[in-house]
> 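Just dropping this structure here.
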Amino acid sequence: MDTKQTENDSLKEIYKKISAVVPEIEWKVHAPLIEKINKLKKEKNAVILAHNYQTPEIYHGVADIAADSLALAVEASKTTANIIVLCGVHFMAETAKLMNPKKKVLIPDMQAGCSLASSITGEDVRMLKEKYPGVPVVSYVNTSADVKAETDICCTSANAVKVVESLGVDKVIFLPDHYLANYVQKNTKVKIISWQGTCIVHEKFTGKEVEDIRKENPDIKIIAHPECPPDVINASDFAGSTSSMVKYVKEKQPKKVLLVTECTMSDNVQVENPNVQFIKPCNLCPYMKKINLKKIYDCLKNESNEIKISHNIAAMARKSVERMTEIGR
Ligand code: 13P
Ligand code: SF4
């Protein structure tokens, strides 16, 4: 079979997979870019790491790995590719660079931020440490490298409780997500001192909204991200990181499910679980949605938007991320 034929077949295969969630008119725009990106990836020995909130044409069309933030950090440390294109938000790309400093790490849009990461600075953490001398700092990975540099150990929503308990202390400063801190506090005896950051996507969900959906769908399973407010988590059947939500649906195959999180993820998971019905109230992350195929192609072609972290900050920040990955899930 010639190369052109193989490429056409692989595009057809991708569209067959995502046709339930991507209209044909959109596919006509995506297909040529997917083909060009996949070709360029091979030519440049690049790998595309994508977060679970990326759109289906990215998640199923060009990503080599699609996962939660913990797995993206681990995959970044293991890759043998020369270039990592991180399709997600800025802190994820910075974390990839920390984990594998010799690689060129690119992000398709430098403006892909995060409300949690921008809620706190390194200076704020220094102030907290002065206020609570000797109390260790656990930072959510959704923070800048400056904040990670002031941190004892990072965590993600997949291992927050485990990380806090690993320290063997009776009190920790846990930042910046107030709701994740609340979730951790419910699951540990360690006293949690929290910051007031929130995720602009997850804070919008309400317990009432979730309860109403359950009333209308008595047979539904409701799974929430721990960045949600406590009344939402209380009204849910399970709470966990984006990858543990994916795993829950894959293993339990509920008849009907509500993923209380960024809504693009439901499309991605639906593709892989055609027998599950997804109820989708839609809250989009405007930062995640800054990434698209055209920007991926341009940044890989021009090797632009490279992540740079100053040597001193990187050395300190790397330790807190590595301590987290040693603990695992
Ligand atoms: P996960 O680590 O669960 O993928 O979450 C990252 C995130 O930004 C959720 O809003
Ligand atoms: Fe940040 Fe929330 Fe977007 Fe995740 S969904 S990247 S926490 S703003």
Side-chain angles (χ1 to χ4, degrees), residues 49-55 58-59 63 65-76 86-96 99 107-120 138-144 147-148 154-163 174-184 194-205 223-229 232-233 236 238-249 259-269 281-291 321 324-325 327-329:
L49 305 183
H51 185 260
N52 287 324
Y53 295 161
Q54 293 295 295
T55 48
I58 297 174
Y59 183 104
I65 307 276
D68 67 1
S69 39
L70 180 59
L72 292 178
V74 173
E75 291 299 332
L86 199 301
C87 296
V89 291
H90 191 266
F91 76 80
M92 295 176 178
E94 263 190 350
T95 307
M99 294 303 285
I107 181 162
D109 190 325
M110 280 286 184
Q111 302 307 316
C114 168
S115 64
L116 283 168
S118 57
S119 73
I120 190 157
V138 179
S139 291
Y140 196 23
V141 75
N142 297 38
T143 44
S144 64
V147 167
K148 289 185 174 81
C154 287
C155 72
T156 75
S157 56
N159 62 8
V161 177
K162 200 170 167 191
V163 164
F174 186 98
L175 48 90
D177 187 355
H178 183 62
Y179 289 137
L180 180 63
N182 209 303
Y183 171 78
V184 174
S194 68
W195 186 253
Q196 285 299 324
T198 53
C199 160
I200 53 164
V201 177
H202 292 92
E203 72 176 351
K204 284 202 195 104
F205 294 106
I223 319 176
H225 196 277
E227 288 171 12
C228 291
V232 172
I233 299 192
S236 304
F238 172 77
S241 79
T242 56
S243 285
S244 54
M245 290 167 136
V246 175
K247 188 164 174 259
Y248 182 103
V249 177
L259 304 183
V260 193
T261 193
E262 214 272 356
C263 59
T264 313
M265 197 172 101
S266 295
D267 287 343
N268 292 332
V269 189
C282 202
N283 288 346
L284 287 170
C285 173
Y287 307 110
M288 287 278 177
K289 299 294 90 99
K290 285 201 173 288
I291 311 297
V321 183
M324 164 185 84
T325 53
I327 286 188
R329 219 165 264 275

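When a ligand or atom number is given, it counts from 1 through the structure's own listing order.
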> What is the minimum heavy-atom distance between Gly197 and Leu116, and which atoms define it?
C-CD2, 3.7 Å
> In the protein, what heavy atom is nearest to atom 4 (Fe) of ligand 2, and what distance, to one decimal place, separates them?
Tyr53 CE1, 4.0 Å
> Taking Asn52's backbone N and O only, do any of them form a donor-acceptor pair with Asn268's side chain (distance below 3.5 Å, no angle check)?
yes
> So which heavy atom on Asp68 is nearest to which on Ala158, and how close?
OD2-CB, 3.9 Å
> Below 2.8 Å, which protein N, O or S atoms neighbour atom 1 (Fe) of ligand 2, ignoring water?
Cys114 SG
> Can you classify the ring geometry of Phe205 versus His202 as parallel (below 30°), tilted (30 to 60°) or perpendicular (above 60°)?
tilted
> According to salt bridge (charged side-chain N to carboxylate O under 4.0 Å, His left out), who are the partners of Glu262, at least two apart in sequence or on a separate chain?
Lys289
> May I have every N or O pair linking ligand 1 to the protein at under 3.5 Å, one per line with atom names and distance?
from	atom 1	to	atom 2	distance (Å)
ligand 1	2 (O)	Ser69	N	3.3
ligand 1	2 (O)	Ser69	OG	2.4
ligand 1	3 (O)	Ser157	OG	3.1
ligand 1	3 (O)	His225	NE2	2.8
ligand 1	3 (O)	Thr242	N	2.8
ligand 1	3 (O)	Thr242	OG1	3.4
ligand 1	4 (O)	His51	NE2	2.7
ligand 1	4 (O)	Ser69	N	3.2
ligand 1	4 (O)	Thr242	OG1	2.6
ligand 1	5 (O)	His225	NE2	3.3
ligand 1	8 (O)	Asn142	ND2	3.3
ligand 1	10 (O)	Tyr53	OH	3.4
ligand 1	10 (O)	Glu227	OE1	2.9
ligand 1	10 (O)	Glu227	OE2	3.3

> Strictly under 2.5 Å separating the two SG atoms? Check that for Cys263 and Cys282, please.
yes
> Give the minimum heavy-atom separation between Ala63 and Ala50, together with the two atoms involved.
CB-CB, 3.7 Å
> On a heavy-atom basis, which atom in Pro176 and which in Ser119 lie closest, and how many Å separate them?
CB-OG, 3.4 Å
> Can you list everything that forms a salt bridge (charged side-chain N to carboxylate O under 4.0 Å, His left out) with Lys162? Sequence neighbours excluded, please.
none
